[in-house]
Amino acid sequence: MKRSACLIFNPVAGNSDPDQDLARIQELLEPFIDLDIRLTTPEVDADDIAREAVARGVEAIIASGGDGTLSAVAGAIVGTNIPLGIISRGTANAFANALDLPNTIEAACATILGGLTRVVDAGICNGEMPMVLLAGVGFEAETVELADREMKNRWGMLAYILSGIKQLNNLERFEAEIETDDKIISLTAVAVTVANAAPPTSILAQGPAGIIFDDGLLDVTLVAPENKAGAIAASYHLLQTALSGNPTDRDDIGYLRAKKVTISADPPQKVVVDGEIIGMTPVSIECVPGGLTIFVPRVEEEPVVEKLTGLADIEITLKPVT
Ligand SMILES: Nc1ncnc2c1ncn2[C@@H]1O[C@H](COP(=O)(O)OP(=O)(O)OP(=O)(O)O)[C@@H](O)[C@H]1O
């Protein structure tokens with residue numbers, strides 16, 4: 001029997017032609033999946049459509065849009081066991097990058113058609129708001145707020161970097177208190193980030209490097225430089241941490257893992273969750289182990305790590321298979 005899925009499609013996400021994108025998705029998926037296509041509008045958000053699809057008991061949900069759309073759909077289906085397909089068409093594609101998912105339409109559709117699923121963690125903020133990627137307090141929230149729609153349209157991914165650089169001039173330190181299951185930590189910080197999953201570009205989350213999104217724990221990074229020069233050095237170091245996969249060893253950056261984290265700040269700081277400002281501190285975030293089921297690509301076969309051709313006088317004798 002043909003599979004079926006509700007496709008939630010944001011027609012204004014990213015910079016590509018939405019009609020072409022939708023036609024391509026239909027061309028790739030519809031031979032194999034009956035698609036119930038729902039477009040988001042300024043009035044009807046992706047999470048409303050997703051909740052309605054869950055209530056109808058759909059077999060699978062496919063979300064296509066920028067990080068806002070993907071997070072909204074994922075958040076609405078946390079805990080439902082309905083498999084989620086992701087087709088990224090946004091500016092940063094943090095969602096796909098954080099969860100090791102492809103970010104072209106073709107590869108994303110192939111992943112959905114492959115049918116392989118993986119259970120990953122989610123998070124819940126203040127007991128009610130779902131979180132899939134990360135919550136940022138302080139610097140990250142201010143940076144996200146600066147990178148508005150116009151800037152993203154104009155500069156794409158660079159918008160976040162430019163607003164980060166701009167924000168360095170208004171660097172504000174605050175007294176942070178971080179409470180976990182077994183500790184209360186007080187320090188003067190510029191950013192506290194709580195990640196369930198994070199792409200390498202979310203540098204303020206990279207204290208531990210390699211963030212694990214199915215271990216039942218949240219990864220907390222504390223960034224506490226004393227001044228702007230320290231903040232620049234710490235940011236650069238975190239970028240290297242992300243790229244190398246080695247945890248930080250700087251004195252002004254700390255990290256820990258916890259199931260639940262509560263952050264207070266003096267003065268109170270803005271809080272951003274999955275790219276949206278949700279309010280001010282205090283904020284509480286708890287891990288929801290195994291909260292999401294997503295379609296994932298098949299693990300690539302190991303690349304060939306042998307090259308023996310072309311060597312002068314080489315002789316190779318194959319041994320019998322034992
Ligand atoms: N038909 C529509 N017309 C106008 N706005 C819409 C429509 N559908 C959704 N939206 C708005 O789009 C926003 C979500 O956009 P989304 O994050 O998916 O894309 P993006 O902003 O291009 O991506 P990114 O965050 O990666 O830059 C929400 O604010 C939502 O209200």
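Order of appearance sets the numbers: ligands from 1, and atoms from 1 within every ligand. This is a predicted model, so every value here is computed, not measured.
- With a 6.0 Å cutoff to the six-membered ring centre and a 45° limit on the axis angle, Arg89 counts as a cation-pi contact of Phe9.
- For the pair Val58 and Ile82, the tightest heavy-atom approach, listed with the atom from each and the gap, is O-CD1, 4.0 Å.
- Of all the atoms in ligand 1, the ones that sit under 4.0 Å from a non-hydrogen atom of Gly90 are 23 (O), 26 (O).
- Heavy atoms of Thr69 found under 4.0 angstrom from ligand 1 belong to the backbone as well as the side chain.
- Nearest residue to atom 1 (N) of ligand 1 from Thr40, Val44, Val12 is Thr40 (criterion: closest heavy atom).
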Let's go through Glu52 and Arg38 carefully: what are the C-alpha distance in whole Å and the side-chain angles of both, what is the deciding distance for salt bridge (Lys or Arg N to Asp or Glu O under 4.0 Å) to 0.1 Å, and is it a yes or a no? CA-CA 11 Å; Glu52 199 221 334; Arg38 309 282 170 124; 3.6 Å; yes

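- Under a 4.0 Å criterion applied to the non-hydrogen atoms of Gly68, ligand 1 contributes the atoms 16 (P), 17 (O).
- Which of Asn10, Asp274, Asp67 comes nearest to atom 15 (O) of ligand 1 through a heavy atom is settled by distance: it is Asn10.
- Close approach of ligand 1 to Asp45 (heavy-atom distance below 4.0 Å) involves ligand atoms 31 (O).
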I'd like to know whether Arg51 forms a salt bridge (Lys or Arg N to Asp or Glu O under 4.0 Å) with Asp48, so could you lay out the CA-CA distance, the side-chain angles of the two residues, the decisive distance to 0.1 Å, and finally the verdict. CA-CA 5 Å; Arg51 265 188 288 274; Asp48 296 330; 3.7 Å; yes

Evaluate Glu106 against Arg24 for salt bridge (Lys or Arg N to Asp or Glu O under 4.0 Å), listing each step before the verdict. CA-CA 8 Å; Glu106 285 71 18; Arg24 184 78 181 124; 2.7 Å; yes

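- Atoms of ligand 1 lying under 4.0 Å from at least one heavy atom of Pro11, given by number and element, are 1 (N).
- Judged by distance alone, the side chains of Thr180 and Asp182 do bring a donor and an acceptor atom under 3.5 Å apart.
- By the 4.0 Å heavy-atom criterion, Gly275 is excluded from the residues contacting ligand 1.
- Ligand 1 has no N or O atom lying under 3.5 Å from any N or O atom of Ala13, backbone or side chain.
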Carefully, step by step, assess Glu179 and Lys183 under the rule salt bridge (Lys or Arg N to Asp or Glu O under 4.0 Å). CA-CA 6 Å; Glu179 181 173 355; Lys183 296 184 193 64; over 6 Å; no

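- To the nearest 0.5 Å, atom CD1 of residue Ile178 and atom OG of residue Ser186 are 7.5 Å apart.
- Neither the backbone nor the side chain of Ala46 comes within 4.0 Å of ligand 1, counting heavy atoms alone.
- Within the 4.0 Å heavy-atom criterion, neither part of Leu39 lies near ligand 1.
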